[in-house]
Amino acid sequence: MEFETGAIPLSDIDGAFDLQATLESGQSYLWDRADGRMYESMDVYGGDAWYETVVPPIDGVSDEQAVVRVRQTDGRLEWEATTDAVPILTHLLRLDDDLDAILDATPDDSLLERAYDAYEGMRLVRDPPFPCLISFICSAQMRVSRIHGMQMRLAREYGDTVTVAGETYHAFPTADQLAVRTEDELRDLSLGYRAPYVQRTAEMVANGDAHPNDAVGLPYEDARDSLTQFVGVGDKVSDCVLLFSLGFLEAVPLDTWIQTAIADHYPDCEAGNYTETSRAIRDRLGGQYAGYAQTYVFYYLRAGGE
DNA sequence: CGCCAGGCTAGCG
DNA sequence: CGCTAGCATGGC
């Protein structure tokens, strides 16, 4: 199999775009950087590095699994893919968002402005639901680079292998492919105590008992509750899946970094429990796009900003 | 060696 | 309900 190639002029989209910030900000763990330097240069623009992933079929976007490579150079996104990558990239990288309008709809607040300035053009991602669910189950008490390493390893060990132009790519395993693995096998991949969570959640999806897409269309807090039925998914992981996969842009995952930000910058939003603190910080960050603001703050603080 | 990392589950009061 | 011990692993 060979690649088709193309390019998306960034003048075609509403607002700026920064591929490195979007893919190395700890939202998606499903892309790999071809030069092997993922997360090594968080503060330094990585130039025109290629990023690659194997995308499962997406309803209404692409019928078949596709290998997609992309890099940002000279005001455009160059791509190489096994099919037309324009609709796929538009979907995965949320190129259909009007970023200026979204940022205009969030509050004027000095922390947010610093974060927006530092990573202008960062967009949310729209990850495939099942891989997103598994990657954030793995994220518990784990560093960003290790979460990424785990997902790459799951793909290498258990996912489909696709060869294009002489190179081998590994798709993230489907629920069926993961569900037949044992807890011990997953522990051997150094998933630690997350191994049974991943195995049992994959089984729930494979058996048809539940699917992350079931949350789509529910009111936000009901959607968050519904995802916690999966093993290894609490409120925080649930919010990550809602925000980074299912399009709930108001979701604000309350992780350790945001808890710190609340204590330092929004102390009156600390309400003692997840539900109430979530309501308060969502309101403070502007409501419907609060998750966009959260993701900028997360990346900014993790990179050393204050 | 100790500490910490995009937390969650089970079991307790 | 709210609270917390225990949980794997690797990097510093």
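Please read these numbers as outputs of a predicted model, since none were measured by experiment.
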Of all pairs that satisfy side chain to side chain donor-acceptor pair (under 3.5 Å), the ones with a partner from residues 91-102 of chain A, not counting sequence neighbours: A:R94-A:D97, A:D96-A:R126, A:D97-A:Y292
Pairs meeting criterion side chain to side chain donor-acceptor pair (under 3.5 Å) with involvement of residues 227-247 of chain A, two or more places apart: A:Y220-A:D239, A:D239-A:Y274
Neighbours of DNA chain C within residues 181-193 of chain A, by heavy-atom distance under 4.0 Å: A:R187, A:S190, A:G192, A:Y193
Gap in Å between the two P atoms, one belonging to B:dC3 and one to C:dA5, rounded: 15 Å
Distance, P atom - from C:dA8 to B:dG11, rounded to whole angstrom: 15 Å
Measure from [atom1] on [X] to [atom2] on [N] and round the result to the nearest Å.
| X | N | atom1 | atom2 | result |
| --- | --- | --- | --- | --- |
| A:R194 | B:dA5 | CZ | P | 13 Å |
| A:R146 | B:dC3 | CZ | P | 19 Å |
| A:K236 | B:dA5 | NZ | P | 13 Å |
| A:Q259 | B:dG7 | CD | P | 10 Å |
| A:L254 | B:dC8 | CG | P | 10 Å |
| A:M142 | B:dC3 | CE | C1' | 14 Å |

Centroid separation A:F136 to A:Y29 less than 6.0 Å: yes
Salt bridge (charged side-chain N to carboxylate O under 4.0 Å, His left out) partners of A:E157, counting only residues at least two apart: A:R153
Those residues that, when tested against A:E250, pass salt bridge (charged side-chain N to carboxylate O under 4.0 Å, His left out) (two or more places apart): none
Side-chain N,O (A:Q141) to OP1/OP2 (B:dG7) below 4.0 Å: yes
Boundaries of the chain A footprint along DNA chain C (any atom under 4.0 Å from a heavy atom): C:dG2 to C:dG11
Sugar-phosphate, base or nothing in reach of A:Q294, heavy atoms under 4.0 Å: base
If you restrict it to nitrogen or oxygen atoms, what contacts under 3.5 Å exist between nucleotides 9-11 of chain B and the protein, and what is each distance?
{"from": "B:dT9", "atom 1": "OP1", "to": "A:G232", "atom 2": "N", "distance (Å)": "2.9"}
{"from": "B:dT9", "atom 1": "OP1", "to": "A:V233", "atom 2": "N", "distance (Å)": "3.4"}

Side chain to side chain donor-acceptor pair (under 3.5 Å) partners for A:R37, two or more places apart: A:E40
Partner set under side chain to side chain donor-acceptor pair (under 3.5 Å) for A:R187, not counting sequence neighbours: A:E183
base_contact_polar (B:dC4 base, A:R143 side chain, donor-acceptor, <3.5 Å): yes
Partners passing side chain to side chain contact (heavy atoms under 4.5 Å, CB included) against A:A215 (at least two apart in sequence or in another chain): A:A223, A:S226, A:L227, A:L242, A:L246
ring-ring contact (aromatic ring centres under 6.0 Å, His included) partners of A:F230, counting only residues at least two apart: none
Identify every side-chain donor-acceptor pair in residues 164-172 of chain A under 3.5 Å, counting partners at least two apart or on other chains, and give the distances.
none

Pairwise side-chain contact, A:V180 with A:D176, heavy-atom cut-off 4.5 Å (strictly under): no
